[in-house]
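Taking it in order: structure first as structure tokens, then the write-up.
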Amino acid sequence: MEARAEGGAAGGSPPSLFELSGVVVSSAMGTLEREVWALPGQILQGILPLLNIYYLERIEDIAVKKGLSTQPIWHKLWNDVMKIRPSKSENITSWRKKFLETFFSNVLHGVLDVSSDQRLSDRHFSPLLHSSRHVTQLTICNMLQGVAELTAEPNQRVLENLAGSLRTLKFRHLLTSDLSIRHSLSLLLHHLIHHGAVSQVSMCSWPVPDKVLLVLILSMSAGFWHPGKTLVHQGSPCSLCREESDTQGLLTQEDDALLESTQLCCGSAEQSGTVQWGDSESRSKKAQTASAKVLQDADPDSQASIELSRSSSGIVKTPVLCGLGSHPLHNLPCQGISCKVPPEYYNIKGESSPSLPKRSSVGPAFRKPYRRFKTAVGRKRRCTRRNRRARADAEDLYDFVFAVAREEEETAESLYESNAQEGESIDGWAPSPADTPSFEGVGCTEGGSVGILPLKAACRFRSVSTLELFSIPLTGDTCRALGNLLSSWASLEKLVLSYNGLGANIFCILSGLRALSHRRDCSLHVVRVSDVFSYIPSVELVRSILTAFPRLHTLSVSFDLKNQLEGNRPEGHSSSEAEIPESCLEQLEIRFPREPLQTSLLLPVLKASRSLQQLSLDSATISCPLEFGLLLQALKECNPGLKRLSFHDVNLADYQKEVLLLLQDPVLQEITFSFCRLFESCTTEFLSNIIKIVKRNSTLKSLKLPGNRLGNHRLVALADIFSEDSSSSICQLDVSSNCIKPDGLLEFAKKLESHILQRGGQITFTHLRLFQNWLDQDAATAQEALRRLRAVCSVVSNTWDSSQAFADYISVM
């Protein structure tokens, strides 16, 4: 603190008595804090800039009550310490939160040394603990730096604060990590997701993902956890789970019966060296009886509750081995889910037990025959101790979620043929009755059988509502695992899969969505899929997704390029002839990889989407006016509530009649023609017709025409939309990237002013967008035009070097 006073003196003027007193007070805040809080506002205002970040944060509420703002101080701290400019698109409402959140991240990752600035260090405060309450978004990078620190015992309170404040968890540029770090990560995710408030998990830029680490994050985000290895040193649930169990009194006699039955089912053959068949059969019968009793007590009217504990020819209905902190019966989000297992039933620890006896009695709720996998031939069904010890813990997790993939790969062809004949799912999961999506939980690994815990037997906890995967290649195994998780992810509201190289594996995702759609409690309403290559035509994928999940509200499908590999198109997966059920779709976005519009396939989608309000078509090619006319007719007849229509990079130069029809639509409120070459070869008559139609349309509120070669004279003509005799309601006009020069913009501004004067100052026009125009050619004229326009409406523009942009364009021609 003395350094601040010396700095003031070195600046040329000696510090005042008040400043010296303030320095002394701020250095003794540990004993004078309460007295400082009681000071009058005028005195307190002079002391606030002298406080370190810890006392400044603590005094915030007192300052607000006295009419003081600490925002300028936090802003100055940001500039002095962080020394970076926030993104222009970021709307910062609280510099205190912005600073402390970034401060927490930098200290955690070792980027910031708190001893470098006196305002950041105080021996009475922990930097992580004090700032953790303000962290709503946390990014974990590279080798998972900071994960071990957060889960360490000294930082337990930090983790508790994060569990209450954190909403978004991001993973960027991850690398392979060792086993101990993965265990720390699982504990961190358990606290932040299962016992915390994290609602969004995003993963980005992972060119060579570690399958084990990826599946760990995915499964725990979905609410599944296999804590056996992670908590092996504790031998008991985590503290939060124990607290919840104690407070809520969830461990009842029924729980004990279920857990006891689990132990009986999963009894280790290692305890006695060898297990006799009679003993195993007896234990299995006891386990089934106990489990059936618990489930029947929970749902006495459901015959299915008894069958959950029975096995029949390798198909076992098992109750959830439930979450560590929850009642087992409360963690049955997928009651009646079938878990297909091989003839041997594997325990949690990894030892294989003899087969459960076959049952021939099947309740009426499960009389529909399901397809069964054939047992893999030539593989050992038992795993020796040596083999079990040789396998890393990482493979346990891999097997835990990927088990479904192994048997599926061996029987995919025969399964597809048989399922297709019986109308079952073609993607590896048998269809389920309503609200009973299927899991496949176990399988065999190379080198012998390994104990695998099915998803049904995993601990089930709270899950996130948003999952985003950007630039992460997903293999067949990973997609099948993700599809398996999706099938019961009831809390998921938004799924974003971007540039994951899905290919044919997209159908694994569809299978999970199809199963999820059968659940009455599912929340998914937004799906966005984008990739470089399209495995099937874009509209076919849209049809497939809507057929699998008609309850979506928003669907976006985007591809850059068509798949050029011959013979690589799917066979049997096409849904072009399947009837699309009536959907809840409100927003549809399709980006075509320079392929035909395929109106014949799009029409059934529009007919099934009666609630559609927004449609966006990007980079499609229109073969003839008849095709475009059919589209417009379908929109008018099938989508009466459509309010926003957008065309981007669609050549409409030869479809002037259709464009005019769209502008006359009495329902549309926003129309976008972006880079559609509207005025490439148009006549003066076409432009005047546009102006006349828009002037008469009182419904249209937003007209966006970026990238259509408008030029100066056409821009000036557009000003007549706001003339005195106009009934137009246009409030937003976008003329970005239209080769507009400063003199043309100035003439447009003057003409607009003239129309406003004629209308007595009454005009609805409020927003004008001018990005990437040639305004740099005459800076003075451009500034004059912008000044006039800003007096009328809000203008959004940018400083753009048109000469450099033209040079770049020439260089890539």
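Each residue takes its place number in the sequence, starting with 1.
Judged by distance alone, the side chain of Ser619 and the main-chain N or O of Asp649 form no donor-acceptor pair under 3.5 Å. Not a single donor-acceptor pair under 3.5 Å links the side chain of Asn697 to the backbone N or O of Leu668. Of the possible polar contacts, none joining the Asn712 side chain to the Ile740 backbone as a donor-acceptor pair under 3.5 Å is found. Under a 3.5 Å cut-off, the side chain of Asn500 and the backbone N or O of Leu502 do not form any donor-acceptor pair. Without hydrogens or angle criteria, Asn708 side chain to Phe679 main chain gives no donor-acceptor distance under 3.5 Å. At distances below 3.5 Å, not a single donor-acceptor pair connects side-chain atoms of Arg528 with backbone N or O atoms of Ser558. Listed for the Asn738 side chain is a donor-acceptor partner under 3.5 Å among the backbone atoms of Ser736. Put simply, the side chain of Ser702 never gets that close to the backbone of Glu670: no donor and acceptor are under 3.5 Å apart. A donor-acceptor contact shorter than 3.5 Å is absent between the side chain of Ser611 and the backbone of Cys584. A distance-only check finds a donor-acceptor pair linking the side chain of Asn773 to the backbone of Cys739 [under 3.5 Å].
Closest approach of Phe675 and His648 over heavy atoms only: CD1-CE1, 3.7 Å. When all heavy atoms of Phe748 and Leu718 are compared, the pair lying nearest together is CE1-C, 4.5 Å. Of all the heavy atoms in Pro86 and Glu90, the pair that sits closest is CB-OE1, 3.7 Å. Smallest separation of non-hydrogen atoms from Cys793 and His767: CB-N, 4.1 Å. Taking every heavy atom of both residues into account, Ser609 and Leu546 meet most closely at OG-CD1, 4.3 Å. Scanning both residues, Thr764 and Cys731, for their nearest heavy atoms gives O-CB, 3.1 Å.
Atom CD of Gln669 sits about 10.0 Å away from atom OG of Ser729, to the nearest 0.5 Å. In this structure, CG in Leu652 is found 5.5 Å from CD1 in Ile622, a value given to the nearest 0.5 Å. Between atom CZ of residue Phe549 and atom OG of residue Ser544 there is a gap of 15.0 Å, rounded to the nearest 0.5 Å. Between the CD1 atom in Ile671 and the OG atom in Ser674 there is a gap of 14.0 Å [rounded to 0.5 Å]. Rounding to the nearest 0.5 angstrom, the gap separating the CG atom in Leu602 from the CG atom in Leu588 is 7.0 Å. With rounding to the nearest 0.5 Å, the separation of CD1 in Ile721 from CD1 in Ile693 is 11.0 Å.
Inter-residue side-chain proximity for Ser583 and Leu552 is flagged as unmet; no heavy-atom pair is nearer than 4.5 Å. In this structure, Ile580 and Lys607 have side chains that are not in contact, with every pair of non-hydrogen atoms separated by 4.5 Å or more. Proximity of Ser600 to Leu603: side-chain heavy atoms (C-beta onward) are nowhere separated by under 4.5 Å. Side-chain contact between Tyr499 and Asp560 is present, with at least one heavy-atom pair separated by less than 4.5 Å. At a threshold of 4.5 Å between non-hydrogen side-chain atoms, the residues Pro537 and Leu601 do not count as touching. Put simply, the side chain of Lys494 reaches to within 4.5 Å of the side chain of Glu468, judged on heavy atoms. Contact annotation: the side chain of Ser538 approaches that of Glu595 to within less than 4.5 Å [non-hydrogen atoms, C-beta and beyond]. Annotation: side chain of Tyr535 is not in contact with side chain of Phe559 (no heavy-atom distance under 4.5 Å).
Under 3.5 Å, the side chains of Ser202 and Gln200 contain a donor-acceptor pair of N or O atoms. Side-chain polar atoms of Ser530 and Ser498 form a donor-acceptor pair below 3.5 angstrom. Side-chain contact, Ser737 with Gln772: a donor N or O sits under 3.5 Å from an acceptor N or O. Between the side chains of Ser723 and Ser726, not a single donor N or O lies within less than 3.5 Å of an accepting N or O.
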Between Leu524 and Leu486, does a side-chain contact (heavy atoms from CB on, under 4.5 Å) hold up when you go through it step by step?
-> CA-CA 10 Å; Leu524 185 65; Leu486 288 174; over 6 Å; no

Could you walk me through whether Ser698 and Ser727 pass side chain to side chain donor-acceptor pair (under 3.5 Å), step by step?
-> CA-CA 6 Å; Ser698 59; Ser727 58; 5.7 Å; no

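Other residues, nucleotides and ligands contribute only 12 or fewer heavy atoms inside 6.0 Å of the CD atom of Glu685. By the 6.0 Å contact criterion, NZ on Lys751 is enclosed, its count of non-hydrogen atoms from other residues, nucleotides or ligands being greater than 12. Under a cut-off of 6.0 angstrom, the local environment of CD in Glu747 is sparse, with at most 12 non-hydrogen atoms contributed by other residues, nucleotides or ligands. The number of heavy-atom neighbours closer than 6.0 Å to CD of Glu582, taken from other residues, nucleotides and ligands shown, is 12 or below.
Taking a cutoff of 4.0 Å between a charged side-chain nitrogen and a carboxylate oxygen, Lys695 and Asp725 qualify as a salt bridge. Ionic pairing of Arg677 and Asp654 is not present here: no N-O contact between side-chain nitrogen and carboxylate oxygen is shorter than 4.0 angstrom. Between Asp734 and Arg769, at least one side-chain N (NZ, or NE/NH1/NH2) sits under 4.0 Å from a carboxylate O, which counts as a salt bridge.
Side-chain rings of Phe647 and Phe628 approach one another, their centers coming within less than 6.0 Å.
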